[in-house]
Amino acid sequence: MSPFTSRSLRRRPLLQALVAAACVAASPVSWADGWPSRPVKIVVPFAPGAGTDAMGRLVAAKLSDLFKASVVVENRTGASGAIGAQEVAKAAPDGHTLLLAAAPFTTVPAALPGAGYDPLASFAPVGMIAQGPLIWAVNKDVPANTLPELVTLARQQPGALNYGSAGVGGVNHLVLESLKARTHTYITHIPYRGIAPATLDTISGQLQLLTGTIPALAPHIREGKLKALAVTSPGRSPALPQVPGMQEAGMPDFNVLNYFALVAPKGTPDAVVRQINAALAQVVQMPDVKERLAKDALEPATGTPAQLGQFLQKDFEGWQRVVQQQGLKIDAF
């Protein structure tokens, strides 16, 4: 649940990442010797049309252009992303199979030990791509206009507030459990098969609260169907600057970001990992990519494979603590 290198969300300079990006931009990127010998496959563990799928196709297209080689997307859906992750974990570690990892990559195995993969032991970190916060939103009739007011309401009426998520073990679920653990409140979790039906039920009043990405919820917020209480990062998001961050809500160390990164099977050659990492640093600095990320309320988040590994470890262990604190017993997706 810790952030990666993202300038405006953390207000820290990205000197290392920018220097690295400048270096790779100054000279053409080349593949490691003998690689690839066939098309490179990026496994997207969610359905076509989803945000993760769109990110995978954007990255694949840019890498194809950079390397003059075929980089394709394959959707392997099921079990909240676990099916695709399992496939990549078992793939040959030769650099021809990659996984587009997003928040469920760490939340699902943290919540469900039987997920079938270990996000740390089964993969070689390649590079971060982008990240952005979720947003806390409530039905327009809920008598709370800030997150502290919602917490007060939850304490006054334990269990009366219903919260919808995209499914058990996902980031939408565990971010609620993290809030409950920190505020000692009881809010009823109701899992759905996707965030879209949960959003509709929050608008109709059957649910009172949910989190989602800014692009998914912002239209309903602008139309007055939902009220935005806060984003899940410490500071405000440039995409929704009128909405406070968690620091203003009294929880400055609360930082939950949806992220996108590439990982490879454990044992993938370091030379290949470094080449793809350097290419990602170049991709996220492309003007059209930065424009696309901003439209999706995301920010470029570059860094070394080692930094991604540190991020994933901290994120995974943080979610494990939340699961333990809340005594969650999840047997299936």
Side-chain angles (χ1 to χ4, degrees), residues 3-11 14 17-18 21 25 42 44-66 71 73 75 81 100-105 127-137 166 170-172 175 194-196 198-200 203 210-245 255-262 279-303:
F4 206 68
T5 49
S6 179
R7 183 168 58 249
S8 62
L9 290 176
R10 293 292 290 169
R11 305 299 183 216
L14 291 175
L18 293 178
I42 298 178
V44 171
F46 297 98
T52 310
D53 178 66
M55 179 64 71
R57 293 182 187 280
L58 174 64
V59 171
K62 293 300 182 181
L63 292 180
S64 293
D65 290 342
L66 278 177
V71 182
V73 166
N75 298 92
L100 185 73
F105 178 68
M128 186 68 86
I129 301 165
Q131 59 185 201
L134 303 174
I135 184 167
W136 297 100
V171 66
N172 304 102
V175 70
I195 203 63
T199 302
L200 292 177
I203 290 172
L210 84 164
T211 57
T213 63
I214 292 175
L217 299 187
H220 305 299
I221 292 167
R222 286 194 293 267
E223 293 170 5
K225 297 177 181 178
L226 295 173
K227 292 190 293 186
L229 303 186
V231 293
T232 60
S233 55
R236 299 189 178 212
S237 168
L240 214 59
Q242 73 275 23
V243 178
N255 188 20
V256 174
L257 299 177
N258 189 30
Y259 63 87
F260 297 97
L262 285 182
L280 287 178
Q282 194 168 342
V283 166
V284 299
Q285 295 302 322
M286 294 178 180
D288 61 328
V289 173
K290 293 172 76 172
E291 182 178 351
R292 172 69 176 275
L293 294 179
K295 182 179 179 181
D296 291 339
L298 296 167
E299 295 191 43
T302 57

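Side-chain contact between V59 and L280 is present, with at least one heavy-atom pair separated by less than 4.5 Å. S233 has its side chain out of reach of V256: every pair of non-hydrogen atoms, C-beta onward, lies at least 4.5 Å apart. The shortest distance between side-chain heavy atoms of M286 and L66 falls below 4.5 Å. Put simply, the side chain of M128 does not reach to within 4.5 Å of the side chain of T302, judged on heavy atoms. Two residues are said to be in side-chain contact when any heavy atoms from C-beta on lie closer than 4.5 Å; P133 and N258 fail this criterion.
The shortest heavy-atom contact between L298 and G132 is CD2-N, 3.6 Å. The two residues V243 and A228 come nearest to each other via the heavy atoms CG2-CB, 3.8 Å. Nearest heavy-atom pair, G56 versus I42, reported as atom, atom and distance to 0.1 Å: O-CD1, 4.4 Å. Contact detail for V231 and S237: the closest heavy-atom pair is CG2-N, 4.2 Å. Listed here is the closest heavy atom pair of D53 and A47: CB-O, 3.5 Å.
In this structure, N172 contributes its side chain and T211 its backbone to a donor-acceptor pair below 3.5 Å. Although no hydrogens or angles enter the test, the distance criterion places a donor-acceptor pair under 3.5 Å between the side chain of T232 and the main chain of L134. At least one donor-acceptor pair closer than 3.5 Å links the side chain of N75 to the backbone N or O of F46. Under a 3.5 Å cut-off, the side chain of R236 and the backbone N or O of G245 do not form any donor-acceptor pair.
Within the model, atoms CG of L200 and NZ of K225 stand 9.0 Å from one another, a figure rounded to the nearest 0.5 Å. How far CD1 of I129 is from OH of Y259: 11.5 Å, rounded to the nearest 0.5 Å. The CG atom of L240 lies 8.0 Å from the CZ atom of R222; values are rounded to the nearest 0.5 Å. Note that CD1 of I221 and CD1 of I214 are 8.0 Å apart. Values are rounded to the nearest 0.5 Å.
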Given the rule in the side chain to side chain contact (heavy atoms under 4.5 Å, CB included) test, do I203 and H220 qualify, once you have shown the distances and angles that lead to the verdict? CA-CA 8 Å; I203 290 172; H220 305 299; 3.5 Å; yes

From CA spacing to verdict: side chain to side chain contact (heavy atoms under 4.5 Å, CB included), F260, Q131: CA-CA 6 Å; F260 297 97; Q131 59 185 201; over 6 Å; no

Could you give me the CA-CA distance, side-chain angles and deciding distance for L229 and I135, then say whether side chain to side chain contact (heavy atoms under 4.5 Å, CB included) is met? CA-CA 8 Å; L229 303 186; I135 184 167; over 6 Å; no

Please determine whether side chain to side chain contact (heavy atoms under 4.5 Å, CB included) holds for the pair M55 and D296, giving the CA-CA distance in whole Å, both sets of side-chain angles, and the decisive distance to 0.1 Å. CA-CA 10 Å; M55 179 64 71; D296 291 339; 5.6 Å; no

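Annotation for E291: atom CD does not count as buried by contact number, only 12 or fewer foreign heavy atoms lying within 6.0 Å.
Ion pair D288/R292 not flagged as a salt bridge, since none of the NZ, NE, NH1 or NH2 atoms sits closer than 4.0 Å to an Asp/Glu carboxylate oxygen.
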